[in-house]
Structures are given as structure tokens and as C-alpha cells.
Amino acid sequence: MLSSLSSVPHLLPPRENSQSSTPQSSKPDLLHNFNTPFELKQVHAHLIKTNTPLSALPLTRVSFVCALTPSFAYAQQILERVEKPEIVFWNSCLKTFAEGDSPFDTILLFYKLRQFDVFPDTFTCSFVLKACAQLLDTFNGRIVHGYVEKLGLQSNLFLQNMIVHLYALCGAIGDARLLFEKMSDRDVVTWNIMINQLVKRRDVEEAYHLFSLMPERSLRSWTSMISGFVQCGKPKEAIQLFMKMEEEGLRPNEVTAVAVLAACADLGDLDLGRRIHEYSNQSGFRRNVHISNTLIDMYLKCGCLEDARRLFDEIEERTIVSWSAMISGLAMHGQAEEALKLFSKMIQLEIKPNGVTFVALLHACSHMGMIDQGREFFASMTRDYGLIPRIEHYGCMVDLFSRAGLLQEAHEFIMNMPIKPNGVVWGALLGGCKVHKNIELAEEAIRHLSELDPLNDGYYVVLSNIYAEAECWEGTAKVRKLMKERGVKKTPGWSSITVDGMLHEFVAGDESHPEAEEIFQLWEKLLQKIKLKGYVPKTSVVLLDIDETEKEKFLYRHSEKLALTFGLMKTSSGTPIRILKNLRVCEDCHAAFKLISEIVDREIVVRDRNRFHCFKDGSCSCRDYW
DNA sequence: TTAGGGTTAG
């Protein structure tokens, strides 16, 4: 019987070690006190050597053997060698497998157990359910659920929660919800599970509905909901909820802080971001790499490149997320060379890039017109790192070619893609067509976009601008008609600026601001000055079918111009002005801002939906290539 | 011995 154990050679101590370990393993107390897999091997060697059966060990020790057993074959042998293995032994093995990376073995062993005359208990079921969740295996999950009912364990709250979690995780949200509704006792975990799963399915409204119904909420509940809002693109709601949480006297932990910082990054809320940074330092979160990474991202997205870089340099253990975030941030700020340098440094340190790193690198190349370098990165990701390009990478390549004016090459690239191009890919070509004035390819792009993303107003606007620049008024009328037919409305542009901790939002054409008069007066003065420096209003960016003077008036009420003028009114000279815009910065505003930065001798930082524009001394960090 | 929340791009 013992010989069967020696058929598991990898569990025996290595020969060179057996010499040195023999004196120790022959000590009888090790038989009662082994605590690690290595000591288990020593005990094993001893049992074999002395021809002692495993059953000679005390029962608690046998269950310990099971708990330390990382191999399915070995687990089976142990269980077969104990006369009537109690459920605790099985559970110990199942736990090891379920908590390790052997979910398949957990399920296999569960079915083996049924061959013996042993009944699963709540723990058995919980480990198997965990394995099913790991494998997203509803087939076996439903069988275990059946056992739970058959064994009369269905009222156990732990198991109910695990089953609800499993169903929701596997996409059977209807089954999960049904069970949730049927449960007579729900605890805070039950609610949290449902909320998290709804967030994963992007149903944040329903998640919030459940959140508001909760009889009691833990810090985790608040964190789940705050993070849920962030994940679903609702950072404002996330911050509102965070404020409410603080009002209720709860202090954020590391996970909450990460979610709030991510919301600050999305909103460009530097004040709150800095407050959370300070709080994190005071609370000892400094060494948490999630916190550091999110802080870096927050500073990058709030336009504070230097703060981000300082933090990045300070991190002791950088992860690929830290590197990718920093590279992407440098690219967003127009520092492509620095981004590439950082990448080389990363490779020197033998850190393996991932798909996100390459998105960042390709962005850096496309924003700076580095075509050959971009091509090389695209080839390298598969050749050197075994990464399969995803749709985002193809999108970046089309963007790279299109911006550089290689429109035919971009088109051919799309036609030869091994995956179906999406709206982003055709949208990138359309963007290039605008810069390089190619109506024919723009019309082809819009044909595809009408099918792929028919309600996205941005594409129609770009096409209309292309027609307007070519003075093809028939074309612009056609686009207007198309938008009307499809019920597509132009997203209103808005820009925001924070002055003395207060966020001020401006919508294009908005004349309702309490200080509108002063804003318009200052704008008029600035306008006179920039006109002297050669500014000519670019009325072709105005979509409306109105005369030139009216168009100019619209142009002068663009949200970023209102925000800038307000900023100049309210901040002291010398301080940089930071503006956030929901859409891409308009061409006319871009030209005007360059001149204004020179006239007022101020740094103007605009974050648009794509990147940062840092206007200084009459030029922009994007070098007009955007 | 068993359950729930986090970062980079888009």
C-alpha cells in the first residue's frame, strides 16, 4: 500500500535534501507539528522509510495533510488510504484546490466524494461553488445548487450568497435576481454582491436603486457604489456619493480612495484629488501601488505632469500599470520622445509591456507623426511580446496613418484588418480626411459609420466641416438633413474651470452667467488684440446655416473661450489656467488661444477629450498636430 | 475551514 505513495515522486524530498532532512524528519514531533508543504514532504519521506501507514497519524494531522495537498492524484491517494475519510478531509483538499489554481480538480474531487458514502456539507458546497465561479461554470454550479437543496442546506446564508454571486457572474442575472428576491434573510454581503454585479453589467441605475433600499450599508457598500459610478462613466455622481458618505461619518479606506481619485481624474478635480492625496499620506496608504497608480493618473489628467512624474519616480515597486499610465500621460501631454524613452527604460528593467502599454505608445507616435516608429511598435508587439493586436491597436494605426495624410494607406490597412473595423477605426480615417481635405474617402468612412455608430453626432459634424471648408454647401445641407432624419443632435460643447475651489461650467452660446457682461467685454478687448496679430475667425467650424456675421458671433461664444476669459478675469497674473472640455478643442479656439497665451503671458492648459494642449508664448504643446 | 469593493487604454 505504501508503495503507491512513492509513485508520486515529485512529492518526495529531493535526494540531496533527504540526507540533511532525515535527522529532522525522523524526529517524532515533526509528525505532529508539520506546517508547510515542505515539512509535509519530509513527513512523507519518513512514513515511507519507516513503513508507517498514513492512518497512523492523528485525525487532525490527516486533515492537515489534505489541506497541504496541492496535487489531485496525491489527494486521491490520501483519501483512499484513510479507512473512512470524514468530510473534513475532503473539505481540506477541496479548499486547497479551490483557493489555488485548480478549480477543475475541486469539481472532480467533489464528484469522487459522491462515490464514497459521504455527504457534502455547507463547506464542501462553498468550495465547489467557488471553483465554479472561477470557471464561470453554471453547468456544475446548477448541479451543486441542486445538491444544496437536496441536502436541505438552502437556508444557509453563506451558500445563498455564493449561489447568487455565481449566477450573476455567469451572466444569469435573472436567476440571481430571482434568488435574491426570494431570500428571506439578506445581509449586507447579499446586497453588495447584487450591486457589484449590476455595475459589471453597466446597469448603474438599478445598482443605485438597490443601494438606496439597503437597510444598512458597510464601507464596502459605499465603495462599491462610488466605484460603480466611476466605472459607468458617472464621476460626478461618484463624488456626490462620496461627500454623502463622509457626512455620515465614514472614512475612506484604500479602495474607496482609489475610486474617488479615479473620479477626480475623470473630472479634472485637482482640489479634491490633492485632498485625497494628503489623506492617503496621513492614513499610511503611500505604499499601496493601486493608490500610487491612481494618483499618477489623477495628476496626469489634471494637467500636473511634474507631480505625476515625481510620484512615479518615488514608487518603490512599479507595476505595468504605473509604467503604462505614465507613458500614456506623457503621450497625452505631447511628450512623445519622453514617453518612448520611458518605454526603453522599462524594457531595460525587463518589465513586460501589455496591450495598454502599446495603446499608449501608438498614441504617442500618432500624436507626433512618428509613422515608422509606430509601425515598428505595432510589429513588435506580436513579434517580441506575443501580444495579439486588438481593435484599439488597429484604431491607433489608422489614426497614425490618417493624421499623417497617408489616407490611402490607412484605407488599405482597414480593408486588410483581420477583425471587423468598428466606429473608432472609421472615425480615425474620417478625422484624417478632415485635416487633409479628402471628401471622397470621408464619404466612404461616413457610409460605414452610419451603420456602425449611426447616433454618434461627432462624425456628422466632422463631415459637415469638411464640406464647409470645401465650400460645398450642398454637402453641409445633406448632412443637416441626415442628422434631422435620424434624430441625431449635436452634443453641446461645455468647458469648465475651477476658481477658488468652485467649478464653473460654460456651455457654448451661454449668456446666462451672472458675470456674462464682463466676460464679453474682456473677450472683445482680447479679440481686437489677437486680430492685430493676424487672427482670422474660422467660421467654417460653425455648422449652422446662417450668414457670416452670425457665425462669428457663435464662434465667439464657444465654451472654451468663455471659460478662458472668465479664468483671466478671476485669477492672478502668472498662474496657469486649466480648462477642461468635453469635446475636442475647436480649431478656431486653438488658434485664438495660442495668440492669447502670448498677449497675456500666461500658460493655458486645456484638456479635451483626446489630449492636453498646453498653450505658451504663442504656441501649443501639440505643435498643431492633433 | 465558506461569500462582496480598487489602478493604466477606450
Side-chain angles (χ1 to χ4, degrees), chain A residues 63-64 66-67 87-96 98-99 120-131 133 153 156-166 168-169 186-197 199-200 207 218-228 230-231 233 252-263 265 285 288-298 300-301 308 312 315 318-329 331-332 353-363 390-393 395-396 422-425 427 609-610:
Chain A
S63 84
F64 217 86
C66 295
I87 190 64
V88 203
F89 304 155
W90 292 96
N91 287 351
S92 300
C93 288
L94 291 167
K95 179 176 151 68
T96 310
E99 286 177 352
D121 65 4
T122 53
F123 295 102
T124 323
C125 297
S126 79
F127 299 130
V128 190
L129 286 169
K130 191 181 188 135
L153 305 172
N156 181 291
L157 190 53
F158 260 98
L159 290 180
Q160 286 180 327
N161 283 346
M162 291 191 88
I163 295 166
V164 168
H165 182 222
L166 175 70
L169 200 67
R186 302 179 194 119
D187 65 359
V188 70
V189 179
T190 327
W191 290 88
N192 289 353
I193 288 171
M194 279 310 291
I195 289 172
N196 293 328
Q197 291 305 317
V199 165
K200 272 202 187 123
S218 62
L219 178 59
R220 271 201 188 205
S221 321
W222 288 92
T223 306
S224 293
M225 202 58 242
I226 293 169
S227 159
V230 180
Q231 285 168 43
N253 66 9
E254 276 123 311
V255 186
T256 328
V258 164
V260 179
L261 284 169
F285 299 169
N288 181 318
V289 77
H290 287 280
I291 291 273
S292 312
N293 291 344
T294 321
L295 274 171
I296 290 173
D297 188 50
M298 184 276 292
L300 287 169
K301 289 188 178 151
F312 177 82
I315 307 184
R318 293 182 200 111
T319 63
I320 185 61
V321 177
S322 331
W323 290 93
S324 302
M326 198 63 222
I327 291 170
S328 153
M332 260 196 309
N354 65 13
V356 182
T357 324
F358 277 99
V359 171
L361 287 168
L362 294 174
H363 261 146
R390 291 193 310 259
I391 192 79
E392 297 93 325
H393 301 105
C396 287
N422 64 5
V424 178
V425 173
R609 63 184 292 171
N610 268 0

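Note that the coordinates shown come from a computational prediction; the quantities given were computed from them, not determined experimentally. Basis for what follows: all heavy atoms, side chains included, without hydrogens, waters or symmetry-related copies.
- The nucleotide whose nearest atom lies closest to any side-chain atom of A/I291 is, among B/dT8, B/dG6, B/dA3, B/dG6.
- A/N91 comes within 4.0 angstrom of a nucleotide base, judged by non-hydrogen atoms across all strands.
- Residues passing the side-chain contact (heavy atoms from CB on, under 4.5 Å) test with A/D121 are A/I87, A/N91, A/F123, A/T124, sequence neighbours excluded.
- The separation between A/I226 atom CD1 and B/dT7 atom C1' is 16 Å, rounded to whole Å.
- Under the ring pair (Phe, Tyr, Trp, His ring centres under 6.0 Å) criterion, A/F312 pairs with A/W323, not counting sequence neighbours.
- Among the protein residues, A/N253 comes within range of the nucleic acid bases, having at least one heavy atom under 4.0 Å from a base atom.
- Atom-to-atom, CG of A/D121 to P of B/dT2 comes out at 12 Å; the value is rounded to the nearest Å.
- Between A/K130 and B/dT2, a side-chain N or O to OP1/OP2 separation shorter than 4.0 Å is absent.
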Is there a side-chain contact (heavy atoms from CB on, under 4.5 Å) between A/V289 and A/V321? Walk through the geometry before answering.
CA-CA 9 Å; A/V289 77; A/V321 177; over 6 Å; no
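- The aromatic ring of A/F123 sits over the base of B/dT1, with ring centres less than 5.5 Å apart and planes inclined by under 30°.
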Applying side-chain contact (heavy atoms from CB on, under 4.5 Å), run through A/S227 and A/V255 and close with a yes or a no.
CA-CA 9 Å; A/S227 159; A/V255 186; over 6 Å; no
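- The phosphate of B/dA9 (OP1 or OP2) has a side-chain N or O of A/K301 nearer than 4.0 angstrom.
- Rounded to whole Å, atom P of B/dT8 lies 12 Å from atom CD1 of A/I296.
- Between the CG atom of A/L261 and the P atom of B/dT7 there is a distance of 11 Å, given to the nearest Å.
- The side chain of A/D187 lies closest to B/dA3, out of B/dG5, B/dA3, B/dA9.
- Nucleic acid contact for A/V359: sugar-phosphate only, since backbone atoms but no base atoms lie under 4.0 Å from a heavy atom of the residue.
- The CG atom of A/L219 sits 12 Å away from the C1' atom of B/dG6 (whole-angstrom rounding).
- B/dA9 atom P lies 17 Å from atom CH2 of A/W323, rounded to whole Å.
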I'd like to know whether A/M326 forms a side-chain contact (heavy atoms from CB on, under 4.5 Å) with A/L300, so could you lay out the CA-CA distance, the side-chain angles of the two residues, the decisive distance to 0.1 Å, and finally the verdict.
CA-CA 8 Å; A/M326 198 63 222; A/L300 287 169; 4.2 Å; yes
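- Counting only heavy atoms from C-beta on, A/F127 has its side chain closest to B/dT2 among B/dT8, B/dG6, B/dT2.
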Criterion side-chain contact (heavy atoms from CB on, under 4.5 Å) on A/N161 and A/D187, from CA distance to verdict:
CA-CA 9 Å; A/N161 283 346; A/D187 65 359; 3.3 Å; yes
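- Rounding to whole angstrom units, CH2 of residue A/W222 and P of B/dG5 are separated by 19 Å.
- Checked by distance alone, A/T223 brings a side-chain donor or acceptor within 3.5 Å of a matching partner on the base of B/dG5.
- At a threshold of 4.0 angstrom between heavy atoms, the contacts of A/S218 include nucleobase atoms, whether or not backbone atoms are also involved.
- Between A/Q197 and the phosphate of B/dG5, there is no side-chain N or O to OP1/OP2 separation shorter than 4.0 Å.
- Within 4.0 Å (heavy atoms only), A/S224 reaches sugar-phosphate atoms of the nucleic acid but no base atom.
- Residue A/T294 places no side-chain atom within donor-acceptor reach of the base of B/dT7, judged by atom type and a 3.5 Å distance cut-off alone.
- In this structure, A/N161 atom CG and B/dG5 atom C1' are separated by 15 Å, rounded to whole Å.
- Using a 4.0 Å heavy-atom cutoff across all strands shown, A/R390 reaches at least one base atom of the nucleic acid.
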